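These notes are about the structure you will find just below.
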Amino acid sequence: MPDKSTVTWLEGDQSHSALWHSENRLLPPKKMVLADDTIPADDAYRLACEGTALLWRGDFQNARQLLQAIARRIDRPRKKKRVSKKNVQEKLHDKLPVAITNDVFNLHRLAQSQRARTLGQIIIRVDPNHQIALRRAPLVAEACFEAFGEINASYLISLRELLGLVGAHEWRKKGVVIKALDANGTQRIYPHYGVFSPIRGEYLELVANAVLPKALSLNSTAFDIGTGTGVLAAILAKRGIEKIIATEIDARALICAQENLLQLGLSEQVTVAEYDLFPPSKAALIVCNPPWIPARPSSALERAIYDPDSQMLRGFINGLAAHLETNGEGWLILSDIAEHLGLRSQAELMTWIENAGLVVLGKESIKPRHPKISDATDPLHAARSAEITNLWRLGVVER
């Protein structure tokens, strides 16, 4: 939930106040100064690094350019330290690749968090009905209304977060082509703000191509657990499954899935329902694509990627047997990147499956194709280049 604190500041001799709005868990600024087009980028960068927010009073497009300038200063390569013979020997003798990778991931997340905090220090005031009273400010009312609903008061928001929701609004208008729904590219999914966009198509291919369980019949039901945009439920419906229940607990995702299934003409086949994981019934096929990385998310959108302590994954595994019909199957779609990051082992996953009274009936695998696989400058390149996405076919152990 966004922070609803009130921020107060002085302009001249007058005191002003506005709500603080952040869904990226940015805290309200403790110290804030006014800034405009005259501030040098180096000064803005120094203040942002110190945790001083800059309430922008200049040209909106210049604020965007300043944000980019700060980002360049954050991202510029640091001078490499001279590698001594001792450093080389220590690296050669180090036999703990998992621990090293884990440390790299944690440092990467820390750097991401620090970067986000620094870039979040440029603040924009948005007036009632989502209006911005700055020169060359874009019309953001429609994008803000889609994301936040009606706000009849002024509020402050980081420029970076504001630009992010405007970008999400464009995705929502344009949509994402889903080849697993239609090879001709005419079928699209329209992600809403805060709902993860299905831009990685490989896991969709797994669900589109896996052999359906023999237990499925004309009267059978399938579940899509944690449906998000509704894309997996739509793929199952396109494959001919007549009755599907798509569950979700996030309010935005519930609306997003309902709208997507309606525009695809699949709302008669798919019921979107608010449940934490499983509905109170059984199904011949239960599909789940939980977040892949056991770590704490830093924003609403990251909840589709990060799952603290593998809570959703373990919840799905532990509840699956009780909700499968006889000879039914559970399809767990899961990247193994957590294994390459040293955050979870496959042995641990297999233990959870066994302890839940489940057995692996088969596995389909596919290599991801996202651009970061070939980005050697990415700190997590080694893990990403080795990543595999798996569809685990799970059944109940016969007793």
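Note that the coordinates shown come from a computational prediction; the quantities given were computed from them, not determined experimentally.
In the model, Ser113 has a side-chain atom that pairs as donor or acceptor with a side-chain atom of Arg117 under 3.5 Å. There is a side-chain donor-acceptor pair under 3.5 Å between Asn390 and Ser365. Side-chain contact of Ser217 with Asn219: a donor-acceptor pair under 3.5 Å is absent, judged by distance alone. Judged by distance alone, the side chains of Ser22 and Glu161 do bring a donor and an acceptor atom under 3.5 Å apart.
From Thr52, atom OG1 reaches atom CG of Asp43 across 12.0 Å, with rounding to the nearest 0.5 Å. Residue Ile122 holds its CD1 atom at 5.0 Å from CG of Leu67, rounded to the nearest 0.5 Å. Between atom CG of residue Asp37 and atom CG of residue Leu66 there is a gap of 9.5 Å, rounded to the nearest 0.5 Å. Distance check, rounded to the nearest 0.5 Å: CZ of Arg57 to CZ of Arg135 gives 11.5 Å. Going from atom CD1 of Ile157 over to atom CG of Leu19 covers 12.0 Å, rounded to the nearest 0.5 Å. To the nearest 0.5 Å, the span separating CD1 on Ile337 from CG on Leu380 amounts to 6.5 Å.
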task = Step by step, work out the side-chain contact (heavy atoms from CB on, under 4.5 Å) result for Arg136 and Asn62.
result = CA-CA 9 Å; Arg136 292 201 295 166; Asn62 287 346; 3.7 Å; yes
request  = Go through Glu11 and Trp9 one step at a time and tell me if the side chain to side chain donor-acceptor pair (under 3.5 Å) criterion holds.
outcome  = CA-CA 7 Å; Glu11 289 194 47; Trp9 70 96; 2.9 Å; yes
key: Step-by-step side-chain contact (heavy atoms from CB on, under 4.5 Å) determination, Val207 to Leu236   = CA-CA 8 Å; Val207 175; Leu236 295 177; 3.9 Å; yes
request  = Would you sort out whether Asn152 and Glu150 count as a side chain to side chain donor-acceptor pair (under 3.5 Å), showing the intermediate values?
outcome  = CA-CA 6 Å; Asn152 294 316; Glu150 188 174 348; 3.2 Å; yes
inquiry  = Show, in sequence, the C-alpha distance, side-chain angles and deciding distance for Glu302 and Arg25, and conclude whether the salt bridge (charged side-chain N to carboxylate O under 4.0 Å, His left out) test is met.
reply    = CA-CA 11 Å; Glu302 284 195 344; Arg25 296 183 179 177; over 6 Å; no
request  = Step by step, work out the salt bridge (charged side-chain N to carboxylate O under 4.0 Å, His left out) result for Arg73 and Asp42.
outcome  = CA-CA 8 Å; Arg73 284 159 173 76; Asp42 286 337; 2.7 Å; yes
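Shortest non-hydrogen contact noted between Trp292 and Arg344 is O-NH2, 3.1 Å. When all heavy atoms of Gln61 and Pro138 are compared, the closest pair comes out as NE2-CD, 4.3 Å. Closest non-hydrogen pair, Asp127 versus Ala133, comes out as OD2-CB, 3.7 Å. The heavy-atom pair separating Ala222 from Ala283 by the smallest distance is CA-CB, 4.1 Å. Between Leu264 and Ala234, the shortest heavy-atom contact is CD1-CB, 3.8 Å. When all heavy atoms of Leu261 and Val270 are compared, the closest pair comes out as CD1-CG1, 3.5 Å.
Heavy-atom neighbours of Gln311 CD from other residues, nucleotides or ligands within 6.0 Å: above the threshold of 12. For Lys179, the NZ atom sits in a loose shell: 12 or fewer heavy atoms of surrounding residues, nucleotides or ligands are nearer than 6.0 Å. Within 6.0 Å of the CD atom in Glu348, the count of heavy atoms belonging to other residues, nucleotides or ligands exceeds 12. For Arg296, the CZ atom counts as loosely surrounded, since its 6.0 Å shell holds 12 or fewer non-hydrogen atoms of other residues, nucleotides or ligands. Residue Lys238 places its NZ atom among more than 12 non-hydrogen atoms of other residues, nucleotides or ligands, all under 6.0 Å distant. Within 6.0 Å of the CD atom in Gln14, the count of heavy atoms belonging to other residues, nucleotides or ligands does not exceed 12.
When side chains are defined from C-beta on, Met32 counts as touching Leu156, because their heavy atoms get closer than 4.5 Å. Proximity of Phe145 to Ile151: side-chain heavy atoms (C-beta onward) are nowhere separated by under 4.5 Å. Put simply, the side chain of Pro297 reaches to within 4.5 Å of the side chain of Arg303, judged on heavy atoms. The shortest distance between side-chain heavy atoms of Ile286 and Leu324 falls below 4.5 Å. Residues Ile388 and Ile366 form no side-chain contact, since every pair of their non-hydrogen atoms from C-beta on lies 4.5 Å or further apart. Leu47 is listed as a side-chain neighbour of Ile39, based on a closest heavy-atom distance under 4.5 Å. Using a 4.5 Å heavy-atom threshold, the side chains of Gln68 and Arg72 count as touching. Using a 4.5 Å heavy-atom threshold, the side chains of Leu334 and Pro290 count as touching.
Scanning for ring-ring contact (aromatic ring centres under 6.0 Å, His included) contacts around Trp392 gives an empty result, with sequence neighbours left out. Checked against ring-ring contact (aromatic ring centres under 6.0 Å, His included), His323 has the following partners two or more places apart in sequence or in another chain: Phe278. Scored by the side-chain contact (heavy atoms from CB on, under 4.5 Å) test, Tyr275 finds Thr247, Ala273, Pro279, Pro280 as partners (sequence neighbours excluded). In this structure His381 satisfies the ring-ring contact (aromatic ring centres under 6.0 Å, His included) test with no other residue, sequence neighbours excluded.
Ionic pairing of Glu205 and Arg369 is present here: one or more N-O contacts between side-chain nitrogen and carboxylate oxygen are shorter than 4.0 angstrom. Salt bridge absent: Asp375 and Arg384 never bring a charged side-chain N and a carboxylate O closer than 4.0 Å. Ionic pairing of Glu170 and Arg172 is not present here: no N-O contact between side-chain nitrogen and carboxylate oxygen is shorter than 4.0 angstrom.
Judged by distance alone, with hydrogens and angles left aside, the side-chain atoms of Glu268 form no donor-acceptor pair with the main-chain N or O of Leu266 at under 3.5 Å. Checked by atom type and distance alone, the side chain of Asp224 pairs as donor or acceptor with a backbone atom of Ala233 at under 3.5 Å. Between the side chain of Lys31 and the backbone N or O of Glu50, no donor-acceptor pair lies under 3.5 Å. Although no hydrogens or angles enter the test, the distance criterion places no donor-acceptor pair under 3.5 Å between the side chain of Arg115 and the main chain of Ala71.
For the side chain to side chain donor-acceptor pair (under 3.5 Å) condition, the pairs that include at least one residue of residues 325-336, sequence neighbours left out, are Glu329-Trp331, Glu329-Arg393, Ser335-Glu387, Asp336-His340.
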Distance-only donor-acceptor hits, side chain of residues 186-198, under 3.5 Å, sequence neighbours excluded:
| residue | atom | partner | partner atom | Å |
| --- | --- | --- | --- | --- |
| Thr186 | OG1 | Asp182 | OD2 | 2.0 |
| Arg188 | NH1 | Lys174 | O | 3.2 |
| His192 | NE2 | Glu259 | OE1 | 3.1 |

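Screening Leu34, Leu134, Ile123, Ile132 for a side chain to side chain contact (heavy atoms under 4.5 Å, CB included) with Trp56, the sole residue that qualifies is Leu134.
Between Tyr155 and Phe148, the angle of the ring planes goes over 60°, which puts this pair in the perpendicular group of the 30/60° scheme.
In this structure, Arg109 is positioned above the aromatic face of Tyr306, its NZ or CZ under 6.0 Å from the six-membered ring centre and within 45° of the axis.
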